[in-house]
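Here the structure is laid out as structure tokens; the discussion comes afterwards.
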Amino acid sequence: MFDTLIRRIFGLAASQPDKTAVAFKKDSLSYRMLADKIRAVGANLAAMGVKRGDRVLFTALSKPEMVAAYLGIQYIGAVAVFIDKNSSPESSAAIFEDAQAVLFLTDKPMKDCIEPGKLSSLKQLYAADAPETIPEYVMPEENDMAELLFTTGTTGKPKGVILSYKAVYHILSNTIEGIGITQQERLLLPLPLNHSFALRVLRALLYAGATVVLQNGFAFAKEVELNQTAFDCTAIAAVPASMELLRGQMQDEFVRIMSKFRYIEVGAGSLTIEQRKRLTKQLPDTKIINTWGSSESGGALFVHVNEVAAHEKQVGALGKPLPGITVHVLDENKNPMEQSSAEHPGRMALKGDMIMSGYWHRDELTAETLKDGWLVTSDMVYTDADGYVYMLGRADDIINVGGEKVSPIEVENIAGEYEFIRECACIGAEDPNGVLGQVPVLFVATKNAGFTEAGIQTFLAARMERYKLPQHYVLLPELPRNRMGKTDRRELRRLWENQNQGQNLMNPVMQAILTRRSIRKFLEKPVPRELLDMLIQAAYHAPSGHNMQTWRFSVLQNPEKIALLKETISKVAKEKKVHFYGFEQPPCLILISNDTRNPDGCQDASCAAQNLFLAAHSYGLGAVWLNPLMTLCDEPEIRALLDSYSIPANHRVWCMAAVGYPAAPGVALAKKKDVVFYVD
């Protein structure tokens with residue numbers, strides 16, 4: 001039995017015509033409007049010569065026009081081929097040729113890569129009126145090709161995954177059942193719509209008659225909050241890395257904002273054990289579901305994190321299959337194992353109506369992957385008596401240490417609970433001594449300067465067998481990730497090879513720069529005078545334009561004076577509408593001022609402040625740059641206080657640094673990737 005999303009939407013257009021189906025900012029489509037757009041897009045494509053079975057590429061924008069194009073293509077029986085909106089013209093052209101497509105719907109400049117006659121504007125098609133004659137919708141056969149999803153997988157060469165209409169229907173049905181989606185859902189979807197995870201969520205929500213709110217990624221947590229408020233969202237789909245990004249940006253507001261969601265589905269990767277424990281404590285009334293899936297199968301294993309978080313073993317489970325899905329663990333000869341365990345794992349094989357038909361024009365790979373209706377994966381797993389599946393890693397990622405098999409995921413989960421690690425990833429590397437074959441290497445992004453190799457080794461040695469212990473540690477500012485936020489292990493291997501070739505660029509100075517975080521809350525613990533003296537030395541050893549050194553460093557340690565300054569700044573900032581984010585209980589404030597007659601005064605103070613912050617971080621102290629005084633220092637109430645500190649009247653305070661011992665670790669905020677350009 002199968003149905004199509006198009007037929008379902010036509011039914012919903014009659015039963016709930018005015019309900020919002022899909023929205024993006026101020027642009028939205030009701031179910032009736034979406035049905036009309038599907039017919040119009042399909043009819044116009046047919047008028048352009050697109051026939052049943054033709055492949056049509058389109059840019060998968062996070063906008064209603066993408067949804068209309070996707071379903072309009074299928075309305076006339078053509079095959080939808082999704083292209084990442086960030087894909088280069090060359091990559092898009094390569095997929096266009098591989099798919100033997102007849103048309104590419106896009107508004108990106110592609111004339112130099114694809115014949116102009118095979119290009120058409122997606123925006124114009126979406127805006128076009130329906131022609132007078134609209135072909136009737138013809139129900140496809142269940143095994144007809146519906147979609148072609150191109151995925152790089154682990155080889156880097158694009159693979160086209162063929163999904164039939166039957167597979168698409170069962171993928172969306174599994175998602176509805178596994179998550180428990182209702183018609184009342186309003187889900188926020190900030191994921192790229194060419195990815196299988198985002199697509200199955202989109203399909204499932206529309207089939208359920210719910211509302212999908214589209215968003216362009218997780219770059220700004222404020223946009224999540226704004227969309228949540230504007231559309232009263234009940235759910236959100238995310239990946240593990242995005243959850244950490246939101247937590248970092250929202251900081252103290254994370255619980256208030258995220259607890260408004262009825263459920264959060266996390267896919268395209270497993271939450272770490274530390275994340276699962278933390279999220280269920282922070283969001284006890286929000287259902288958190290972690291889903292395992294692939295382009296070849298859709299979402300197939302589901303784990304309700306709230307139910308397993310307190311269980312010592314099952315907290316790390318990948319999930320359970322739904323009743324219509326069968327999982328086998330295969331031995332080295334690809335025969336089902338009667339029993340499996342962490343010590344005796346095997347490859348995971350899946351069977352169900354959601355499985356792909358094969359890979360486009362890749363017969364040999366299809367034959368290797370599909371065996372008698374079973375999808376044989378590269379994932380090494382084992383199962384328990386309750387039906388939970390546990391992941392050890394992909395077959396190529398399992399580390400062979402002198403004949404003993406080490407799961408990189410196990411190492412990562414245990415290491416991830418070390419207090420000074422923000423995130424980590426483990427790979428196998430060739431044993432430099434030539435004895436063990438491979439040894440584990442752990443790449444670490446630290447929370448603060450407290451991380452040491454001796455400390456992590458002691459922590460891990462008490463929690464795992466000796467042969468599983470990492471033999472090398474590599475510090476990174478952040479782990480390399482792919483488009484969906486998954487750890488890029490190929491890039492980690494490249495980094496390791498470069499390091500072995502003498503290209504290890506991470507020294508203590510770079511580590512301090514890359515791990516420093518702003519700290520606004522401090523312990524009630526004084527900073528020793530000798531440490532303060534070192535911080536000031538670091539500051540006044542900074543560069544100074546023309547070596548003028550007209551700066552001044554005023555150090556406040558009296559709690560009453562610090563409280564009075566904060567109170568006064570807060571009052572004046574509010575009156576003058578100047579942003580002042582504040583601080584809590586700093587044992588020390590350092591005001592860096594400079595003579596207003598020095599044209600380089602701001603730059604000199606900034607260099608000094610940066611030296612001071614890095615020095616503080618290197619000593620385990622926290623600090624934050626507060627800059628309202630550069631705007632307000634000549635306001636009478638504030639100037640009176642500055643006068644009492646003997647700061648000259650012709651000095652502007654460019655930086656007020658709050659310094660002390662952190663009450664909590666700082667949070668790593670997202671860094672923009674598109675701000676660096678090498679000019680040849």
Side-chain angles (χ1 to χ4, degrees), residues 154 240-241 269-275 313 315-316 318 340-347 378-382 390-447 450-482 486-506 511:
T154 58
S270 288
L271 292 164
T272 66
I273 290 176
E274 190 275 334
Q275 284 177 308
K313 178 182 176 184
V315 64
L318 193 63
S340 59
S341 64
E343 292 73 29
H344 298 93
R347 287 191 182 232
S378 295
D379 296 313
M380 298 298 290
V381 302
Y382 66 95
Y390 299 82
M391 173 80 78
L392 296 182
R394 297 184 68 82
D396 293 343
D397 295 333
I398 299 297
I399 306 166
N400 188 339
V401 182
E404 299 284 357
K405 300 296 190 294
V406 177
S407 162
I409 293 176
E410 180 187 4
V411 176
E412 292 161 8
N413 276 329
I414 296 174
E417 297 197 66
Y418 185 53
E419 61 178 322
F420 298 117
I421 288 181
R422 177 163 52 86
E423 57 180 2
C424 61
C426 183
I427 66 168
E430 184 178 351
D431 180 9
N433 298 319
V435 176
L436 298 174
Q438 288 184 309
V439 293
V441 174
L442 192 68
F443 290 81
V444 174
T446 63
K447 287 181 179 177
F451 177 88
T452 64
E453 287 194 16
I456 184 63
Q457 279 290 87
T458 300
F459 178 85
L460 294 178
R463 292 163 175 80
M464 65 174 62
E465 293 87 342
R466 184 177 180 82
Y467 67 88
K468 296 179 181 178
L469 291 173
Q471 299 300 301
H472 305 278
Y473 295 89
V474 180
L475 299 182
L476 296 175
E478 58 185 19
L479 298 182
R481 298 187 182 279
N482 64 16
K486 290 184 179 180
T487 302
D488 189 339
R489 294 184 188 274
R490 281 181 294 172
E491 177 62 14
L492 291 177
R493 292 188 182 96
R494 188 190 68 79
L495 291 173
W496 175 250
E497 289 172 2
N498 286 344
Q499 171 161 299
N500 279 351
Q501 295 169 10
Q503 298 180 39
N504 182 14
L505 304 180
M506 186 63 67
Q511 182 184 355

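In what follows, every heavy atom counts, from backbone to side chain, and hydrogens, waters and symmetry copies are set aside.
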Practice item. Give a yes or no on whether a salt bridge exists between E491 and R494, defined as a side-chain N under 4.0 angstrom from a carboxylate O. Key: yes
Exercise for review: Could you tell me whether D488 and R481 have a side-chain N and a carboxylate O separated by less than 4.0 Å?
Suggested key: no
**Study point:** Name of the residue among I409, I398, V406 meeting side-chain contact (heavy atoms from CB on, under 4.5 Å) with L392
**Key:** I398
**Study point:** Student check: side-chain heavy atoms of Q457 and P470 closer than 4.5 Å
**Key:** yes
**Study point:** Minimum side-chain heavy-atom gap F443-T487 below 4.5 Å
**Key:**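 No; the side chains remain at least 4.5 Å from each other.
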Calculate, to the nearest 0.5 Å, the distance between atoms [atom1] and [atom2] belonging to [X] and [Y] respectively.
X	Y	atom1	atom2	result
M464	E410	CE	CD	6.0 Å
M380	R347	CE	CZ	7.0 Å
E404	E343	CD	CD	9.5 Å
E465	L460	CD	CG	12.0 Å
I427	D396	CD1	CG	13.0 Å
K405	Y467	NZ	OH	10.0 Å

Point to revise | Parallel, tilted or perpendicular: rings of F459 and Y418 (30°, 60°) | key: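 Answer is tilted, since the angle falls between 30° and 60°.
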Could you tell me whether the side chain of [X] and the main chain of [Y] form a donor-acceptor pair under 3.5 Å?
X	Y	value
S340	Y382	no
E417	E274	no
R489	C426	yes
E423	L479	yes

Point to revise | Partners passing side-chain hydrogen bond (donor to acceptor under 3.5 Å, both in side chains) against T272 (at least two apart in sequence or in another chain) | key: Q275
Practice item. Using side-chain hydrogen bond (donor to acceptor under 3.5 Å, both in side chains) as the criterion, list what pairs up with N413, not counting sequence neighbours. Key: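 Listed in chain order: nothing, the list is empty.
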Identify the heavy atoms of [X] and [Y] that sit nearest to each other, and give their distance.
X	Y	value
V439	H472	CG2-CD2, 4.2 Å
T446	R422	O-NE, 3.6 Å
K313	Y390	O-CE2, 3.7 Å
C424	I421	CB-CG2, 4.0 Å

Review point. What do the steps show when you test L476 against L492 for side-chain contact (heavy atoms from CB on, under 4.5 Å), and what is the final call?
Key: CA-CA 10 Å; L476 296 175; L492 291 177; 4.0 Å; yes
Point to revise | Stepwise side-chain contact (heavy atoms from CB on, under 4.5 Å) test for V474 and L495 | key: CA-CA 9 Å; V474 180; L495 291 173; over 6 Å; no
